[in-house]
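These notes concern the structure reproduced below.
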Amino acid sequence: MLNSSWILIVLGGCVLGMVLASLHHRRRLRVACADPGSARRMGSAVSDLHDRFQLEQESRTEEQVLARRIAEERATRFERMFTSFDDPILVLDRHGEVVEANPAALAIAGLDPEGCAVDAVHPQPLSSMIPNRVAAAEIHTLSRNVMESGAEEFRRSMFELPNDGGVPSTRAFEAVIRALDGNGRTLVVLHETTREREMARLKSEFVAKASHELRTPLSSIRASLEMLSDGEFQNLEQRTEFLGIAMEETDRLAKLVNDMLDISCIEAGVARPRMGCVDLGDLANEVVGGLRAAAERKSVDLRIHAESGLVVDGDPEMLAAVIGNLVGNGLKYVPEGERVTVTVDAEDLTRSVVVTVTDTGLGIPPEDIDRLFEKFYRIKRYERTARGTGLGLNLCRNIVEQVHQGRIGVDSRLGEGARFWFSVPASHPASMAA
Amino acid sequence: MNNDQDNGNSTILVADDEEYIVRVVAFKLRGAGYEVIEAVDGEDAWSKIREGGIDLVLTDHQMPFMTGLELAGRIADDPKTTHIPVLMLTARGFRLDAEEIVASRIVELIAKPFSPRVLLERVRATLLQWNGEHDVREEAA
């Protein structure tokens with residue numbers, strides 16, 4: 001008699017009768033009365049009661065069905081979250097064996113998420129799920145600690161797992177272990193920190209390179225000043241030579257610091273460009289005009305083909321720095337008597353303005369082309385040809401790509417000169433008129 | 001305090017891809033009476049060392065084609081040059097691998113920026129000590 005109950009009918013302190021109310025047999029109500037004469041009177045009362053009872057039962061059933069549906073939907077949702085999480089997640093039982101693993105966790109264990117069951121019926125030892133014996137052993141101990149001490153969570157510092165054929169060759173993780181329920185289960189989430197580690201590595205590499213680049217001019221400055229102070233220079237000519245070195249290296253140091261600051265501001269997104277309408281034709285003419293004297297000193301034929309009216313939205317100072325850097329590099333690296341040509345053109349297809357700096361110099365070795373825009377990258381064979389900060393092209397790339405959403409590149413063949421170019425989206429016609 | 005006395009006509013090879021460093025160091029050493037041969041990178045230095053007549057090598061570490069450490073390693077490995085002491089200038093000595101330094105038998109690391117006065121003292125001391133040891137070894141033989 002599941003889902004049925006006897007109901008006592010009490011009136012004025014007397015038990016009048018009992019009704020067996022059954023959910024499944026609502027027609028078959030049994031009425032048992034203490035006073036058979038009251039049966040008729042009771043009929044309507046019982047009928048009322050029955051209706052109320054039925055209503056309550058039905059609403060309770062609806063609530064239960066609803067609650068069950070909500071619970072089921074929630075479980076599906078949580079299941080989906082669990083499986084779609086990029087971080088590997090494991091559930092360990094009281095013995096430290098894995099009883100749940102999401103696909104990311106199966107992947108690091110080298111298991112196929114489709115054809116593999118890890119559950120309470122098929123528990124897996126932790127060491128088979130984390131291919132780093134030391135880390136697996138430590139996570140095992142930590143989960144035991146969480147379970148025994150009742151602490152909320154334990155963190156383990158970074159550990160590495162092999163990365164199958166990927167670059168870098170290892171992936172870095174940090175494990176967070178939490179108590180899951182009263183049955184001694186623990187939740188292990190492995191946060192991937194490979195990217196953070198890579199960023200930290202790049203940062204430290206940059207600092208090391210920057211410190212090397214800063215110390216080099218400092219060395220010449222310090223040495224020249226010490227020798228001057230020690231009275232080592234016999235005549236005015238020697239004094240002038242070494243003070244000249246100190247001054248030139250001071251300028252190089254200042255430029256290096258400025259370039260580093262500019263690049264880091266742009267990369268961090270805190271640069272404040274003063275955007276406006278810039279006529280790249282006029283700007284290129286202006287920059288090239290300023291470099292004529294340097295070109296004449298080196299007997300380089302510096303030419304420009306640029307007309308006014310090629311307007312872009314940009315920061316004039318930053319764009320002038322890009323043109324100045326590209327033309328300056330051309331002048332520095334081409335041998336005497338060679339030619340550097342600057343052209344500014346509209347490119348209709350991409351609706352942009354393209355500035356090109358072509359030289360008839362020695363060209364760039366193919367192995368260096370791809371790395372030319374990296375910070376502090378220098379072409380070995382030209383290292384002594386010119387002195388620079390090693391940051392000029394990287395600054396150009398940052399200004400063009402990050403600040404102006406443009407593109408920058410180089411085409412060259414060894415022995416056949418080089419063609420550096422950058423393009424910036426052309427201004428909207430309305431802003432061109434402004 | 002000018003110790004420009006006769007330094008026994010010792011010949012020092014100075015290798016650095018930074019032109020100004022070579023000029024400053026060469027000026028200081030020549031002022032102290034040494035012969036100075038200049039090299040623009042590791043390969044240039046190695047070919048000049050093999051020509052003979054070098055008593056001490058003062059090299060930068062970061063150079064194109066061959067680093068100072070590689071250069072010192074070659075000098076130590078070649079029986080014709082293994083007797084030459086090597087001092088190395090470096091802008092990041094703390095990042096060098098200690099085992100590599102020992103293997104290359106570099107006598108001393110001098111951090112950039114350096115004092116030419118201290119550099120000269122180290123050159124002088126190394127040559128004195130080296131020549132002394134060399135003499136003792138020759139006598140023992």
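Values below: every heavy atom of this structure, side chains too, minus hydrogens, waters and symmetry copies. Residue numbers begin at 1 in each chain, while the letters A, B, ... track the order of the sequences. Computed from a predicted model, the values in this text were never measured in an experiment.
The greatest number of non-hydrogen atom pairs below 4.5 Å with chain B, out of Gln238(A), Arg222(A), Glu213(A), is found for Arg222(A).
Of the two parts of Phe65(B), the backbone and the side chain both hold a non-hydrogen atom closer than 4.5 Å to a non-hydrogen atom of chain A.
A salt bridge is absent between Arg23(B) and Glu249(A); no separation between the charged side-chain nitrogens and carboxylate oxygens falls under 4.0 Å.
Remark: Arg413(A) CZ is loosely packed, at most 12 non-hydrogen atoms of other residues, nucleotides or ligands lying under 6.0 Å away. The environment of CD in Glu401(A) is crowded: more than 12 heavy-atom neighbours from other residues, nucleotides or ligands sit within 6.0 Å. Within 6.0 Å of CD on Glu367(A) lie more than 12 heavy atoms contributed by other residues, nucleotides or ligands.
Taking every heavy atom of both residues into account, Thr216(A) and Ile21(B) meet most closely at O-CD1, 3.8 Å. The nearest pair of heavy atoms linking Val24(B) to Ala223(A) is CG1-CB, 3.1 Å.
Distance check: Ser224(A) OG to Lys28(B) NZ gives 11.5 Å after rounding to the nearest 0.5 Å.
Under the 4.5 Å side-chain criterion, counting only non-hydrogen atoms from C-beta, Glu241(A) is not in contact with Phe27(B).
Here ring-ring contact (aromatic ring centres under 6.0 Å, His included) pairs that include residues 102-127 of chain B, with residues two or more places apart or in two chains, number zero.
Without hydrogens or angle criteria, Glu226(A) side chain to Arg117(B) main chain gives a donor-acceptor distance under 3.5 Å.
For Thr67(B), the side-chain contact (heavy atoms from CB on, under 4.5 Å) criterion is met by His61(B), Leu69(B), Glu70(B), not counting sequence neighbours.
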side-chain contact (heavy atoms from CB on, under 4.5 Å) between Arg378(A) and Asp17(B): does it pass, once the steps are laid out?
-> CA-CA 12 Å; Arg378(A) 289 226 180 86; Asp17(B) 58 321; over 6 Å; no
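Screening Ser115(B), Pro116(B), Pro113(B) for a side chain to side chain contact (heavy atoms under 4.5 Å, CB included) involving Ser219(A) leaves a single residue, Pro113(B).
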